[in-house]
Amino acid sequence: MKIMYMGTPDFAVEPLKALYYSGHEICSVITQPDKPKGRGYGLTPPPVKVFALDNNLEINQPQSLKKIFFEEYLKKISPDVIIVAAYGKILYPYIINYPKHGCLNIHASILPRHRGAAPIQRAIMEGDTKTGVTIMQMDCGIDTGEILYKLECDISENDNFETVHNKLSELGALAIIEVLNMINKETLNPVKQEDYGVSYASKIENEDCLIDFNLSSVQIYNQIRALSPVPLAYTTLNNKKIKIIEAKVISSINDDSSYDIGEVLPAPKGKLYVKCLTGIIEFITIQPEGKRNMKASDLFNGRYINNGDKFK
RNA sequence: CGCGGAGUGGAGCAGUCCGGUAGCUCGUUGGGCUCAUAACCCAAAGGUCAGGUGGUUCAAAUCCCCUCUCCGCAA
């Protein structure tokens, strides 16, 4: 079966790897064009491209998937199935309907919850304790197709974006291999998505990263871990941006102390406790702008912060 | 050449503008106090101030020039 694989970031690498090493015929890898990234605007290839290059796979990085740019190439490759994992662009119907087995999407949530661009982050942010991957037969809606297969996993208290992301990309790899087996054995059983429990996981924007201390410590903790290690939640102190890498909920109940929201509280030596609307959060590892990662205690040692200072 | 911050004992910083004894908070090591301690007291070790063995100067962490590295923004 000729597979065209469409994917871009790290999440999409594991499934591609699994397909490649299990001997499936990957006749083309489609990924986003290299983008200028970081200081100095160096062109950076997406992770999927790096893997494809290392393994001498056919690569195409179309600027657009519109018919005039892509149809000819699609016909030339004429895949039997297209597998899509976090490609980053909407596929047009002419593409979805082209392969004999259609387009299969590896989605990092249990659909219909968290349809959309950032299912992993949104699941953690909302305090979900379970998530998973869904393999879906793509149709023209956003993550609305029939479910072919799914694998669940837990989100534990200590998970962050990175750990959940890694678990799910491995599950995605297992799941897509299984679905291809089912196709070969003709045991596939597509199921329509439920009508209830639908939610949308919109892309993470800059404002999603700003910490609002007018929330509970648990909500803030979930936000911090959902965005760690990238792009990281942040707050500001004395007009300097501070990213929070690691945090911990110290208290989730409201105390009637007179401290202000966002204020640095008295704490055991070297610990940084901050008052939230409800409860107290400890910042453990942080990164002030222009600086490297550091322990919260370093802020006190360097006279950067004092009890009573306020984050905004 | 996208904009900006930064490199000083093991960590985080001050000192740089205005050149003149290497400083602070912590950690480490040793000792003391204590029923005890991550607390307190005393003492010590540890730095060619990113690099150029660059320029200016009687004298450079500090001023000038070049290089390297790290980080924030933007994309």
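No hydrogens, no waters, no symmetry mates; every other heavy atom, side chains included, goes into these values. The chains referred to below are lettered A, B, ... by the order of the sequence lines, with proteins before strands, and numbering in each begins at 1.
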Work out how far the [atom1] atom of [N] is from that of [M], and round it to whole angstrom.
N: rC40(B); M: rG46(B); atom1: P; value: 25 Å
N: rA75(B); M: rC65(B); atom1: C1'; value: 32 Å
N: rG20(B); M: rC64(B); atom1: P; value: 15 Å
N: rG54(B); M: rC49(B); atom1: P; value: 13 Å
N: rC1(B); M: rG72(B); atom1: P; value: 24 Å
N: rA14(B); M: rU8(B); atom1: C1'; value: 10 Å
N: rC71(B); M: rG30(B); atom1: C1'; value: 39 Å
N: rU69(B); M: rU56(B); atom1: C1'; value: 27 Å

[X] side chain to [Y] main-chain N or O, any donor-acceptor pair under 3.5 Å?
X: Thr8(A); Y: Gly88(A); value: no
X: Asn97(A); Y: Tyr94(A); value: no
X: Tyr5(A); Y: Ala12(A); value: yes

Quick check on [N]: is either OP1 or OP2 less than 4.0 Å from any side-chain nitrogen or oxygen of [X]?
X: Gln287(A); N: rC71(B); answer: no
X: Lys243(A); N: rC73(B); answer: yes
X: Lys35(A); N: rA75(B); answer: no

From the set [options], return the single nucleotide nearest to any side-chain atom of [X].
X: Asn206(A); options: rA74(B), rC13(B), rC73(B); answer: rA74(B)
X: Glu289(A); options: rU25(B), rA39(B), rG72(B); answer: rG72(B)
X: Asn301(A); options: rG27(B), rU25(B), rC70(B); answer: rU25(B)
X: Asp298(A); options: rC73(B), rA11(B), rC13(B); answer: rA11(B)

From [atom1] of [X] over to [atom2] of [N], roughly how many Å is that when rounded to an integer?
X: Asn293(A); N: rG12(B); atom1: CG; atom2: C1'; value: 13 Å
X: Phe300(A); N: rC24(B); atom1: CZ; atom2: C1'; value: 17 Å
X: Lys291(A); N: rC13(B); atom1: NZ; atom2: P; value: 4 Å
X: Arg292(A); N: rC71(B); atom1: CZ; atom2: C1'; value: 8 Å
X: Lys295(A); N: rU25(B); atom1: NZ; atom2: C1'; value: 18 Å
X: Ile286(A); N: rC71(B); atom1: CD1; atom2: C1'; value: 13 Å
X: Met294(A); N: rA6(B); atom1: CE; atom2: P; value: 13 Å
X: Ile244(A); N: rC71(B); atom1: CD1; atom2: C1'; value: 16 Å

Sort out the partner of [N] for me: Watson-Crick or G-U wobble, both distances under 3.5 Å, none otherwise.
N: rA14(B); value: none
N: rU56(B); value: none
N: rU28(B); value: rA44(B)
N: rC68(B); value: rG7(B)

### Query
Would you find more than 12 non-hydrogen atoms of other residues, nucleotides or ligands less than 6.0 Å from Glu205(A) atom CD?
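Atom CD in Glu205(A) is crowded, with more than 12 foreign heavy atoms closer than 6.0 Å.
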### Task
Under 4.0 Å between any heavy atoms, over every strand shown, what does Lys240(A) touch: base, sugar-phosphate, or nothing? Just pick one.
nothing
### Task
Check every strand shown and say whether Lys269(A) touches a base, only sugar-phosphate, or nothing at a heavy-atom separation below 4.0 Å.
sugar-phosphate
### Message
Holding to salt bridge (Lys or Arg N to Asp or Glu O under 4.0 Å), I want the full list of residues that pass it with Lys167(A), two or more places apart in sequence or in another chain.
### Response
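Here the qualifying residues are Asp159(A).
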### Task
May I ask you to say whether Asp128(A) pairs ionically with Arg122(A), meaning some side-chain N is under 4.0 Å from a carboxylate O?
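No.
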### Whether Phe283(A) and Phe213(A) hold their rings parallel, tilted or perpendicular, with breakpoints at 30° and 60°
tilted
